[in-house]
Number of protein chains: 4
Amino acid sequence: MSRGNTRQRIQDVALELFAERGYEKTSLREIAEHLGVTKAALYYHFKTKEDLVTSLFEDLVLGPADEVITWAEAHQPTSLETKLEILNRYSECISNAFPLVRFMHENQAALRELSIGELMKQRILTLLELIKDQDAALSDQVRCASALFTMHSTFFTLQGTDADQEEKRKAALEVAQDLVTAAHHGAGSPSGT
Amino acid sequence: MSRGNTRQRIQDVALELFAERGYEKTSLREIAEHLGVTKAALYYHFKTKEDLVTSLFEDLVLGPADEVITWAEAHQPTSLETKLEILNRYSECISNAFPLVRFMHENQAALRELSIGELMKQRILTLLELIKDQDAALSDQVRCASALFTMHSTFFTLQGTDADQEEKRKAALEVAQDLVTAAHHGAGSPSGT
Amino acid sequence: MSRGNTRQRIQDVALELFAERGYEKTSLREIAEHLGVTKAALYYHFKTKEDLVTSLFEDLVLGPADEVITWAEAHQPTSLETKLEILNRYSECISNAFPLVRFMHENQAALRELSIGELMKQRILTLLELIKDQDAALSDQVRCASALFTMHSTFFTLQGTDADQEEKRKAALEVAQDLVTAAHHGAGSPSGT
Amino acid sequence: MSRGNTRQRIQDVALELFAERGYEKTSLREIAEHLGVTKAALYYHFKTKEDLVTSLFEDLVLGPADEVITWAEAHQPTSLETKLEILNRYSECISNAFPLVRFMHENQAALRELSIGELMKQRILTLLELIKDQDAALSDQVRCASALFTMHSTFFTLQGTDADQEEKRKAALEVAQDLVTAAHHGAGSPSGT
DNA sequence: GATGAATGAGGCTTCATTCAT
DNA sequence: CATGAATGAAGCCTCATTCAT
């Protein structure tokens, strides 16, 4: 019945529970029980609890995000079109790893103590740097940060809605792109004048 | 030096530590040690750990938010101007209780298991209902949710900046108001056409 | 029934079990069960298992040994008579803390990983330096080390004997003093010629 | 590269780690990792952890010690010269198995729970019986025990020294023989008179 | 000869909480 | 108002060991 897929099954259940109940509240005992295995079995596949959560990010989101960053850095200086394409590509990463992104969004405090949290934060800050202008008005900087956050949070913000995953992705992407477009044109400063 | 203000001091330290290290990672022992008191002393002032965190929300954010909601519900049906004023008032609540909002934002998973978390979520959803149109395009619904999230997260998003608290508040408010304005005018649907 | 003496009772039982079954083999569960308390109660009185064993050495042997060292260092350069008096005083320390010394002797490997082990080792090496001549023949250095070891191990070496504690102490002291006397007179080098 | 010598390699690594970190603190995982094998591989060669440590004593020290005992028992009643020759022969056993003797000396508490520990203890007590007089003065019994302990511990007592193994062996042997000689002549009793 | 996968027992430690004083 | 002492539950993790392949 169980071949070489136990590692995968552990990751699946862990992701589900982490997203559902939070990182700290999810114990390895719970994960093991959901799987019908012993706690010790988890330790055969993952060195620590942190190692387990780290593997989720590495397998689902870190690689894809790095691809976006690599692509973006090859297209500098960053035109508006490039920025919009960054958002587009990033929205696809996120959409594919949606429960993990939800987990990341809702457990920032817990992730801060994990080394993978630091790595993810760096990726997001790097994306932010690529999207915003260093010396833009404050409100335009907010627009760019907000664009990223919007994509991170939309999938579960729109939980009640009957829209499907792809519709949500497009809606979030549209809003994010509008925000970045406005920031790019310096919507912030003229309104201040 | 310290008279009957112990309760206050506990809240201050608790808020600081909760915001810094997260709800689950902050133990009552830590809080007590930071205060130079015994754990048991905390229990004289607060029935449980949950009671302590609840008191923070009640004292700092729940009341003010309810005032905004009460005001908003008295001004229905909601015109664009009303919506913008809701955002304005809410941004002031948030600005005053800034570390608690950060805590809320970064500990959503933990708060989900606490009854105060449910209460706060209701408030935010109520505000969202007042701001968005029930049958707006999906992207416009995202805009309104994003407006709220943007205000929640801006204060620590802009951590590195040298802007002061009030400047940040205004920048976040501007972005939020733009988003809601766009949503109000149905920016979403035409772009779909 | 139990007033402020719980800490003491924990130490007593811990010493007994540590000496009986070794440091690593003695679990805090066992100690707690022997006392009719919870494991958590131990942690109220001692921060860790290492802290518990450390307290034993500090309370029973470290202080007295330091007194011997202090006395010895005040009587430098060290005449033979002084050396013999060092042995005499040290034998009394040891005799009073006899089960702990047995524990130390039989758990050197375990103690090497504990910081108190390092401290105790330093004390013994210091005593050794005071007793032996830096440039004595190899066999005389062995004599001095042996003198110390002999006192450490005699109490349980002579376990079967019906002699009482004080007789054993005197016998060990006599042998140790003979060894140091021989070393002092350079018994080693002439026999080599 | 490695043919049928895996068993030997396991023993080598095990001895090294046991001596370094102690019996309890050394896990089979560690041993396996140092060898670049799986834990399960160890179980192909040794039935249990105890079996592994037992094999070390059997191969390195038990046989040679038994030879000494056999020789000694054939030379009863034991003259002083015989006693000195026992020490001489035993010192050679020990010198050859030096890390294992260090291990034995520093892990007495752990060995007490192992059947091989009991066996080794018996050998040493047997040697002690052969060396000392049943009804000697207490101090002379201490001398004989001390002679044995001295040889056990000298190799690592003299760790800092630049003397080579054989010089250390001779120094320890000299001290041990002096002690036994003194005991044989009843140095203890006249001093009591 | 050796591995991959798993187990059951048990280790140390921390936590929120209680209660007599 | 607050402490000292303690508890019960649970946490993460490691260990020696087994067994099918």
Side-chain angles (χ1 to χ4, degrees), chain A residues 2-7 10 24-32 35-52, chain B residues 2-7 10 23-32 35-52, chain C residues 2-7 9-10 23-32 35-52, chain D residues 2-7 10 23-32 35-52:
Chain A
S2 67
R3 277 210 320 284
N5 60 339
T6 302
R7 193 189 142 99
I10 294 173
E24 322 260 19
K25 272 285 204 179
T26 304
S27 70
L28 294 185
R29 178 178 53 70
E30 265 177 298
I31 297 176
L35 284 164
V37 235
T38 320
K39 265 181 295 170
L42 305 186
Y43 280 91
Y44 178 78
H45 294 281
F46 300 95
K47 232 170 23 216
T48 64
K49 188 185 182 184
E50 175 164 357
D51 199 45
L52 171 51
Chain B
S2 63
R3 276 207 322 284
N5 60 341
T6 302
R7 192 189 141 97
I10 294 174
Y23 179 71
E24 323 261 17
K25 274 283 214 182
T26 304
S27 69
L28 295 185
R29 177 177 55 70
E30 263 177 298
I31 296 175
L35 283 164
V37 228
T38 321
K39 264 182 297 173
L42 304 186
Y43 279 88
Y44 180 81
H45 295 279
F46 301 95
K47 224 165 39 208
T48 65
K49 188 185 182 186
E50 176 163 357
D51 199 43
L52 171 50
Chain C
S2 65
R3 276 208 322 284
N5 61 340
T6 301
R7 191 190 144 100
R9 284 173 57 227
I10 294 173
Y23 179 71
E24 322 260 19
K25 272 285 205 180
T26 304
S27 70
L28 295 184
R29 178 178 54 71
E30 266 177 298
I31 297 176
L35 284 163
V37 234
T38 321
K39 265 180 295 169
L42 305 186
Y43 279 90
Y44 178 78
H45 295 279
F46 300 94
K47 235 175 13 224
T48 63
K49 188 184 183 186
E50 175 163 359
D51 199 45
L52 172 50
Chain D
S2 65
R3 275 209 323 284
N5 61 340
T6 302
R7 192 188 143 97
I10 294 173
Y23 179 71
E24 323 262 17
K25 273 284 211 179
T26 303
S27 69
L28 295 185
R29 177 176 55 69
E30 264 177 298
I31 297 175
L35 284 164
V37 233
T38 320
K39 263 184 296 174
L42 304 185
Y43 279 88
Y44 181 82
H45 295 279
F46 300 96
K47 223 165 39 208
T48 66
K49 188 186 182 185
E50 177 164 355
D51 199 43
L52 171 52

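Lettering of chains follows the sequences in order, A, B, ..., and the numbering in each one begins at 1.
- Here OG of B:Ser27 is found 8.0 Å from NZ of B:Lys39. Values are rounded to the nearest 0.5 Å.
- From C:Thr26, atom OG1 reaches atom CZ of C:Arg29 across 11.0 Å, with rounding to the nearest 0.5 Å.
- Residue C:Ile31 contributes atom CD1, which lies 15 Å from atom P of F:dA6 at whole-angstrom precision.
- Annotation: cation-pi pair B:Lys49/B:Tyr43 absent, no NZ/CZ under 6.0 Å from the ring centroid and within 45° of its normal.
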**OP:** Could you walk me through whether C:Leu35 and C:Leu42 pass side chain to side chain contact (heavy atoms under 4.5 Å, CB included), step by step?
**Re:** CA-CA 10 Å; C:Leu35 284 163; C:Leu42 305 186; 4.2 Å; yes

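- At least one side-chain nitrogen or oxygen of C:Arg29 sits closer than 4.0 Å to the OP1 or OP2 atom of E:dG11.
- When the side-chain nitrogen and oxygen atoms of A:Thr6 are compared with OP1 and OP2 of E:dA6, one or more of them lie within a distance under 4.0 Å.
- Taken from CZ in D:Arg7 to CG in D:Leu52, the straight-line distance is 8.5 Å, to the nearest 0.5 Å.
- Per the geometry, CG belonging to C:Leu42 stands 14 Å off C1' belonging to F:dG8, to the nearest Å.
- Residue B:Ser27 is classed as a sugar-phosphate contact, given heavy-atom separations below 4.0 Å to backbone atoms only.
- For A:Thr38 and B:Glu24, each mapped to the nucleotide of DNA chain E holding its nearest heavy atom, the one lying further toward the 5' end belongs to A:Thr38.
- Rounded to whole angstrom, the span from the CZ atom of B:Arg7 across to the C1' atom of F:dA2 amounts to 17 Å.
- Listed nucleotides F:dC15, E:dA2, F:dA6 differ in distance to D:His45; the shortest reach to its side chain belongs to E:dA2.
- Atom NZ of A:Lys25 and atom P of E:dC15 are 14 Å apart (whole Å).
- Atom-to-atom, CZ of C:Phe46 to P of E:dT14 comes out at 15 Å; the value is rounded to the nearest Å.
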**OP:** Represent DNA chain F in dot-bracket notation, 5' to 3'. Only Watson-Crick or G-U wobble pairs with both distances under 3.5 Å count; pseudoknot-style crossings use [ ] and interstrand partners use |.
**Re:** .||||||||||||||||||||

Return the polar atom pairs (N/O with N/O) between nucleotides 17-21 of chain E and the protein under 3.5 Å, or none.
from	atom 1	to	atom 2	distance (Å)
E:dT17	OP2	B:Tyr43	OH	2.9
E:dT17	OP2	B:Lys49	N	2.8
E:dT17	O5'	B:Tyr43	OH	3.3
E:dT17	O4	B:Lys39	NZ	3.2

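- Comparing the same atom, P, in F:dT21 and in E:dG1 gives a spacing of 22 Å after rounding to whole Å.
- For C:Thr38 (side chain) and C:Ala41 (main-chain N/O), no donor-acceptor pair under 3.5 Å exists by modelled atom type.
- Side-chain nitrogen and oxygen atoms of B:Tyr44 include none within less than 4.0 Å of the OP1 or OP2 phosphate oxygen of F:dA2.
- Listed here is the closest heavy atom pair of D:Asp51 and D:Lys47: OD2-N, 3.2 Å.
- Summarising the geometry of A:His45 relative to A:Ile10, their closest heavy-atom pair is CD2-CD1, 3.8 Å, with the distance given to 0.1 Å.
- Considering CD of C:Glu24 and OH of D:Tyr23, their distance stands at 12.0 Å, rounded to 0.5 Å.
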